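What you see is a predicted model; the values in this text were computed from it and never measured.
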Amino acid sequence: MRLATLDDAAALADAYTRSWDHLQRWEPARPSNWFTAEGQRSRLAAALEGLASGRSVPWLLASGDRIVGAVTLSDIVPGPFRNAHLGYWLAADAVGRGLMTMAVEAAAEIADTELKLHRLQASVFVHNAASHAVLERTGFTQIGFAPNYLYIGGRWQDSNLFQRILNDRAPGT
């Protein structure tokens, strides 16, 4: 797991193209340029702008030059909330090897020790058993249910809401 760079655009486009049949049930509809190096370069530029401003952290899971997944902390809120949203995906050919469990655990560790966040939250479609298992293995607990939460696959879909409390430190410590 490493921070994304603009140089990852072609490999990221390839990862999405290779795994779209697997990912499309969890992702919103994407424009055709999403699957191109140029489209991913634009997206990565925005992600890196978020990193520079402290609003997000985009990591990629790589095997050599090949991207096999991503983990992102987004909507990072400092101060008394000290919270971030966790999102992730894994390429079809990388599923079932424990990679995402290790990546989520690493992201949580960085969120705690380096970013000094108090809490991570995640939402998962109710029918996504694999993501539920990843979150449960990494110390997240379900805290709610959100009907009609995201518009994916041509319909509003229900999600379960999870959180992981990282620490009980006071803000600024």
Kindly work out whether a path of hydrophobic side-chain contacts (I/L/V/M/F/W/Y, heavy atoms less than 4.5 Å apart) joins Met1 to Leu48.
-> yes
So the salt bridge (Lys or Arg N to Asp or Glu O under 4.0 Å) pairs with at least one residue in residues 60-86 (sequence neighbours excluded) are Arg66-Asp93
Please round to the nearest 0.5 Å and tell me the distance separating atom OG1 of Thr17 and atom CG of Leu12.
-> 9.5 Å
Residues pairing under salt bridge (Lys or Arg N to Asp or Glu O under 4.0 Å) where one sits in residues 21-46, two or more places apart or in two chains, turn out to be Glu27-Arg30
Linked hydrophobic residues, Ile165 as query - side chain contacts closer than 4.5 Å = none
Sequence neighbours excluded - ring pair (Phe, Tyr, Trp, His ring centres under 6.0 Å) pairs with any residue from residues 65-106 = Tyr16-Trp89
Please, which pairs that meet ring pair (Phe, Tyr, Trp, His ring centres under 6.0 Å) have at least one residue in residues 99-125, sequence neighbours excluded?
-> Phe125-His127
Partners passing side chain to side chain donor-acceptor pair (under 3.5 Å) against Arg97 (at least two apart in sequence or in another chain) = none
Mind checking the CG-CD spacing from Asn83 to Gln163? Nearest 0.5 Å is all I need.
-> 8.5 Å
State which residues pass salt bridge (charged side-chain N to carboxylate O under 4.0 Å, His left out) with Arg2; sequence neighbours excluded, sorted by chain then number.
-> Asp8
Ser32 meets the side chain to side chain donor-acceptor pair (under 3.5 Å) criterion, sequence neighbours left out, with none
Which distance, rounded to the nearest 0.5 Å, do you find between the CG of Leu166 and the CZ of Arg119?
-> 10.0 Å
With sequence neighbours left out, the residues meeting side chain to side chain donor-acceptor pair (under 3.5 Å) with His132 are Asn160
What pairs with Pro31 under side-chain contact (heavy atoms from CB on, under 4.5 Å), at least two apart in sequence or on another chain?
-> Asn33, Trp34
Gap separating the OG1 atom of Thr72 from the CG atom of Leu51, nearest 0.5 angstrom | 10.5 Å
Heavy-atom pair of closest approach, residues Ser159 and Ser123 | CB-CB, 4.2 Å
Atom pair CZ/OG of Phe140 and Ser131 - distance to nearest 0.5 Å | 11.0 Å
Taking only residues at least two apart or on different chains, which pairs with a member in residues 161-172 satisfy salt bridge (Lys or Arg N to Asp or Glu O under 4.0 Å)?
-> Glu105-Arg164, Asp112-Arg169
Output the distance between atom CG (Leu3) and atom CD1 (Ile110), rounded to the nearest 0.5 Å.
-> 7.5 Å
Residues at least two apart in sequence or cross-chain that pass side chain to side chain donor-acceptor pair (under 3.5 Å) with Thr101, listed by chain then number, are Arg137
In one Ile/Leu/Val/Met/Phe/Trp/Tyr side-chain cluster, 4.5 Å: Val126, Trp156 | no
